Amino acid sequence: MKQKEPIPVTVLTGFLGAGKTTLLNHLLTQNHGYHCAIIINEFGEVSIDHQLIVGADEEILELNNGCLCCRVRKDLIQSLGDLFKKQKRFDYVLVETTGLAHPGPVAQTFFLPELTKVLRLDAIVTVADARHLENELAQAPEASTQIAFADVILLNKTDLVLPADLSRVEGRIRNMNSLARIHRAQRAQIDVERILDIKARDLNAPFELPAAGEQDEDQHGEHEHERDEHEHHGRAQHRHYHDEKVRSLSIVEDRPLDLKRTEAWISELIGSLSPTIYRCKGILFIQGQPKRVVFQGVQMMFDATPERFWEPHENRQSRMVFIGKELDEAKIRAGFESCLAT
């Protein structure tokens, strides 16, 4: 009997008033073909359009497009387990977090052994208010972590800010999270295929460091936030916003790495710096290994595997991105240098 594929999960997060509820209602009215189970904290906190509701009990609302809206009772794991026990028909899960929630524990939930066989984290989508984000970053640490953990950032309410201000806000976002895809939006309107089932958390998902001058396909205008490149061995540094505690650090290296040293370094890194490293992702060029080694981690959770063979004319290099709070850049770079094969 063929085992069923794990059901994809998208986590929706964003600071208070950013437009998360508007996005959720937008998703519920689209013809995306999924029977979604939507996990929320309280029915009263997320205003589901009452015209969509066709049935309800204490814990589950049934919607007219075949979706379910489920309230978290004690914790997320129990709520997910209850969904399967009730044998409700669904093939996608949306988890809506509160505006003050830290996405880290939610993301780590889907790495637990009891859930990985039936559910897979597809992406974390953060809705950001283009007009108020900078103020939120200054006053609330939750806003920074929501940006840092995101795979997709929906920069909402772009019609309420001037182009120069929008470019500056995008620059700060990119400095904090160079892995995320940024989509501009008004009233949280976005094509469903840009945020559902995008496989952003798959180990084999495409991984490219943004090149100078690159911008997302739905954005226009000049960006001021691209990286400066060092000529020496291709290493890259970001232009930093000096008041930013949460930021990205990228490393690009053409020289091969020693496998044992690299394994020891990553283990030490996870053990000593995991509270400050929110996410990491990359490709490793290991000496003597004919395949690219891909990896990603969420704080204490880490996964790595050999992927495809290097192409004959492919530029073999290691590429890594770390996203975190007050990253010890000197320690990370020195540790990486110690992994170079001699």
Side-chain angles (χ1 to χ4, degrees), residues 4-14 18-41 46-49 52-53 60-70 72 76 79-80 83-84 88-98 101 103 106-107 109-111 115-128 146-147 149-156 158 173 177 179-207 216-219 279 281 296 298:
K4 290 183 178 180
E5 290 290 320
I7 293 172
V9 180
T10 295
V11 177
L12 299 179
T13 187
K20 191 157 34 80
T21 300
T22 305
L23 174 61
L24 183 56
N25 277 293
H26 170 65
L27 294 177
L28 292 178
T29 57
Q30 298 303 296
N31 185 23
H32 45 61
Y34 295 112
H35 290 89
C36 296
I38 302 113
I39 311 292
I40 63 176
N41 283 277
V46 177
S47 180
I48 300 298
D49 188 337
L52 298 174
I53 300 172
I60 296 178
L61 300 178
E62 296 188 16
L63 309 181
N64 61 10
N65 59 357
C67 296
L68 307 168
C69 194
C70 318
V72 172
L76 179 58
S79 298
L80 292 166
L83 268 179
F84 286 101
K88 295 288 186 178
R89 181 170 173 255
F90 62 95
D91 55 14
Y92 208 100
V93 175
L94 290 169
V95 178
E96 188 276 339
T97 68
T98 66
V106 178
T109 296
F110 298 99
F111 285 88
L115 292 181
T116 54
K117 293 181 180 179
V118 292
L119 296 168
R120 67 167 176 85
L121 180 60
D122 184 71
I124 294 177
V125 177
T126 295
V127 184
Q146 289 168 0
I147 294 293
F149 277 90
D151 301 292
V152 175
I153 295 170
L154 188 67
L155 189 55
N156 197 27
T158 56
I173 292 173
N177 184 343
L179 292 175
R181 191 75 172 171
I182 302 173
H183 298 300
R184 295 181 181 180
Q186 299 176 18
R187 294 175 292 281
Q189 301 296 294
I190 187 171
D191 293 338
V192 173
E193 59 267 20
R194 291 188 173 187
I195 55 176
L196 295 186
D197 200 21
I198 59 175
K199 299 178 173 61
R201 293 280 168 149
D202 286 10
L203 267 178
N204 295 328
F207 171 68
D216 291 341
E217 61 197 49
D218 55 348
Q219 297 174 6
R279 293 183 60 194
K281 186 174 183 178
Q296 67 174 326
V298 178

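When a residue number appears, it is its place in the shown sequence, counting from 1. Only this structure's heavy atoms are used, side chains among them; waters, hydrogens and symmetry mates stay out. Predicted, not measured: the structure shown is a model, and the values here were computed from it.
For the ring pair (Phe, Tyr, Trp, His ring centres under 6.0 Å) test, residues two or more places apart in sequence or in another chain that qualify with Y92 are Y34. Taking the side-chain hydrogen bond (donor to acceptor under 3.5 Å, both in side chains) definition, one finds that Q186 meets it with nothing, sequence neighbours left out. When the side-chain hydrogen bond (donor to acceptor under 3.5 Å, both in side chains) test is applied to R201, the partners found at least two apart in sequence or on another chain are D151. In this structure N156 satisfies the side-chain hydrogen bond (donor to acceptor under 3.5 Å, both in side chains) test with no other residue, sequence neighbours excluded. Among residues two or more places apart in sequence or in another chain, the ring pair (Phe, Tyr, Trp, His ring centres under 6.0 Å) test is passed with F149 by H102, Y278. Taking D91 as the reference, nothing meets the salt bridge (Lys or Arg N to Asp or Glu O under 4.0 Å) condition, with sequence neighbours excluded.
Closest non-hydrogen pair, G19 versus V127, comes out as C-CG1, 4.0 Å. For the pair D197 and R120, the tightest heavy-atom approach, listed with the atom from each and the gap, is OD1-NH2, 2.6 Å. Closest heavy-atom contact between I195 and T10: O-OG1, 3.7 Å. Taking both residues in full, the closest heavy atoms of P103 and I124 are given as CB-CD1, 4.4 Å, listed atom of the first, atom of the second, then distance. Heavy atoms only, all atoms of each residue included: A188 and L154 are closest at CA-CD2, 4.0 Å.
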Stepwise, does the side chain to side chain contact (heavy atoms under 4.5 Å, CB included) test hold for I182 with N177?
CA-CA 10 Å; I182 302 173; N177 184 343; over 6 Å; no
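For the side-chain contact (heavy atoms from CB on, under 4.5 Å) criterion with F110, the lone passing option out of V11, V93, V298 is V11.
We find the CD-OG1 distance between Q146 and T126 to be 6.0 Å, quoted to the nearest 0.5 Å. Atom CG of L115 and atom CD1 of I7 lie 11.0 Å apart (nearest 0.5 Å). In this structure, L155 CG and H183 NE2 are separated by 11.5 Å, a value rounded to the nearest 0.5 Å.
Judged by distance alone, the side chain of E193 and the main-chain N or O of D191 form no donor-acceptor pair under 3.5 Å. Remark: side-chain polar atoms of R279 are paired, donor with acceptor, to backbone N or O of A150 under 3.5 angstrom. Within the 3.5 Å criterion, the main-chain N or O of K199 finds a donor-acceptor partner in the side chain of D122. Counting only distance, with no hydrogens or angles, the side chain of H32 and the backbone of L27 share a donor-acceptor pair below 3.5 Å.
Residues I38 and L12 have side chains not in contact (no heavy-atom distance under 4.5 Å, counting atoms from C-beta outward).
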